[in-house]
Amino acid sequence: AKDTDRTYLASIDCVHCAVNELRTSPNSKWFSHKFHGPGFSYEIAIDIHDDRCVWVSGPYPASSHDITIFRGGTSDSKKKVKNEANWKQDSLYFKVPKNKRLIGDSGYEGEPSKISTTMEDHTPEVKEFFARAKSRHETFNTRLKFFGILSGRFRHGKGEDDKKKLHKMCFEAACVLVQYSI
């Protein structure tokens, strides 16, 4: 199906990767609730129909909310006031065309014009479609962790910028290899 024929373009989710403490900038922003330690978060979007990774963004501090990363913001996503002027213009939020949507988990509630999440009043067919898209996405995320460099604590790099640069290179290489295997 062409992009013009479909409403749902891709599934979206964030994945956390453990890293050693960043000594040059120790901060609670690096704390990941998934493994109770410092980490990076990456945003990934996978095309619904073509089984391909269409977006990788990061690394971000692991404590960043999924919706905040999607918007390209820096503030807490729970605030009621939306201020698009302060969001990064190269974030995925600004790349989703009007009347098109992504499929996300509950971490993406709050952007119904851009991301659909499973709701009580959805039909069983829609719930199944969303569940399958999210399950396939989680499979992609899991396959990334098959690579030892991403499954354990990343300890390479001297400073924050160096560690982020090296980790991003490893993460993107793993994404390419997982995509190739699919």
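Residue pairs that meet the side chain to side chain donor-acceptor pair (under 3.5 Å) test with at least one member in residues 173-182, sequence neighbours left out, do not exist here.
For Thr118, the side-chain hydrogen bond (donor to acceptor under 3.5 Å, both in side chains) partners two or more places apart in sequence, or in a different chain, are Lys134. Considering only residues two or more places apart in sequence or on other chains, Glu172 meets the salt bridge (Lys or Arg N to Asp or Glu O under 4.0 Å) condition with Lys168. Under the salt bridge (Lys or Arg N to Asp or Glu O under 4.0 Å) criterion, Arg136 pairs with Asp51, not counting sequence neighbours. Checked against side chain to side chain contact (heavy atoms under 4.5 Å, CB included), Lys34 has the following partners two or more places apart in sequence or in another chain: His16, Ser32. Evaluation of the salt bridge (Lys or Arg N to Asp or Glu O under 4.0 Å) rule for Lys114 yields no partner, not counting sequence neighbours.
The shortest side-chain heavy-atom distance between Val56 and Cys175 falls under the 4.5 Å cut-off. A 4.5 Å side-chain heavy-atom check between Glu128 and Thr123 finds every atom pair outside the cut-off. Between Ile44 and Trp55 there is no side-chain heavy-atom pair separated by less than 4.5 Å. With contacts defined as side-chain heavy-atom distances shorter than 4.5 Å, the pair Asp13/Ile46 does not qualify. Contact annotation: the side chain of Ser151 never approaches that of Phe146 to less than 4.5 Å [non-hydrogen atoms, C-beta and beyond]. Side-chain contact between Phe70 and Val96 is present, with at least one heavy-atom pair separated by less than 4.5 Å. Residues Cys14 and Tyr108 are in side-chain contact: their nearest non-hydrogen atoms beyond the backbone lie under 4.5 Å apart. Contact of the Lys163 side chain with the His156 side chain is not registered, since no non-hydrogen atoms from C-beta on lie closer than 4.5 Å.
Phe154 and Val176 are members of different hydrophobic clusters when ILVMFWY side chains are connected at heavy-atom separations under 4.5 Å. In the hydrophobic clustering of ILVMFWY residues, with side-chain heavy atoms under 4.5 Å counting as a link, Val15 and Phe140 come out together. Both Trp87 and Leu102 are part of a single hydrophobic cluster, where members link through side-chain heavy atoms under 4.5 Å apart. By the criterion of side-chain heavy atoms lying less than 4.5 angstrom apart, applied directly or through intervening Ile, Leu, Val, Met, Phe, Trp or Tyr residues, Leu177 is grouped together with Leu144 in one hydrophobic cluster.
Looking only at distances, a side-chain donor or acceptor of Asp105 sits under 3.5 Å from a matching main-chain atom of Gly107. Thr139 contributes a side-chain N or O that, together with a main-chain N or O of Ser135, makes up a donor-acceptor pair within less than 3.5 Å. A donor-acceptor contact shorter than 3.5 Å is absent between the side chain of Arg71 and the backbone of Phe94. Judged by distance alone, with hydrogens and angles left aside, the side-chain atoms of His122 form a donor-acceptor pair with the main-chain N or O of Met119 at under 3.5 Å. Within the 3.5 Å criterion, the main-chain N or O of Glu138 finds a donor-acceptor partner in the side chain of Thr142.
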Quiz item: Going through the distances and angles, do His167 and Ile149 end up as a side-chain contact (heavy atoms from CB on, under 4.5 Å)?
Solution: CA-CA 9 Å; His167 196 276; Ile149 195 107; over 6 Å; no
Exercise. I would like to know whether Thr7 and Lys100 meet side-chain contact (heavy atoms from CB on, under 4.5 Å); could you show each step before the answer?
Key: CA-CA 5 Å; Thr7 302; Lys100 302 294 180 186; 5.6 Å; no
Practice problem: Step by step, work out the side-chain contact (heavy atoms from CB on, under 4.5 Å) result for Ile48 and Arg6. | Solution: CA-CA 10 Å; Ile48 295 288; Arg6 55 189 177 134; 4.2 Å; yes
Self-check item: Worked check of side-chain contact (heavy atoms from CB on, under 4.5 Å) between Ile182 and Arg52
Solution: CA-CA 8 Å; Ile182 292 174; Arg52 61 189 171 96; over 6 Å; no
Quiz prompt | Verdict with supporting geometry, Phe130 and Tyr8, ring pair (Phe, Tyr, Trp, His ring centres under 6.0 Å) | solution = CA-CA 10 Å; Phe130 282 17; Tyr8 298 107; 5.3 Å; yes
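Taking the six-membered ring for Trp and thresholds of 30 and 60 degrees, Phe171 and Tyr42 have nearly parallel ring planes, at less than 30 degrees apart.
By the 6.0 Å contact criterion, NZ on Lys29 is enclosed, its count of non-hydrogen atoms from other residues, nucleotides or ligands being greater than 12. Counting heavy-atom neighbours within 6.0 Å of Arg153 CZ, excluding the residue itself, gives a total above 12.
The minimum heavy-atom distance between Thr117 and Glu109, with the atom names listed, is OG1-CG, 3.7 Å. The minimum heavy-atom distance between Phe147 and Ala174, with the atom names listed, is CD1-CB, 3.8 Å.
How far CG of Asp66 is from CD1 of Ile12: 8.0 Å, rounded to the nearest 0.5 Å. The CZ atom of Arg155 sits 7.5 Å away from atom CG of Asn20, with the distance rounded to the nearest 0.5 Å. To the nearest 0.5 Å, the span separating OH on Tyr93 from CD1 on Ile115 amounts to 10.0 Å. Note: Asp47 CG to Ser11 OG = 8.5 Å, rounded to the nearest 0.5 Å. The CG atom of Asp161 sits 11.0 Å away from atom CG of Leu166, with the distance rounded to the nearest 0.5 Å. Taking OG of Ser113 as the reference point, atom CZ of Arg101 lies at 7.0 Å (rounded to 0.5 Å).
Between Ser57 and Tyr60, the side chains place a donor N or O and an acceptor N or O closer than 3.5 Å (distance only, hydrogens not considered).
The existence of a salt bridge linking Asp90 and Lys88 is excluded, since no basic side-chain nitrogen approaches an acidic carboxylate oxygen closer than 4.0 Å.
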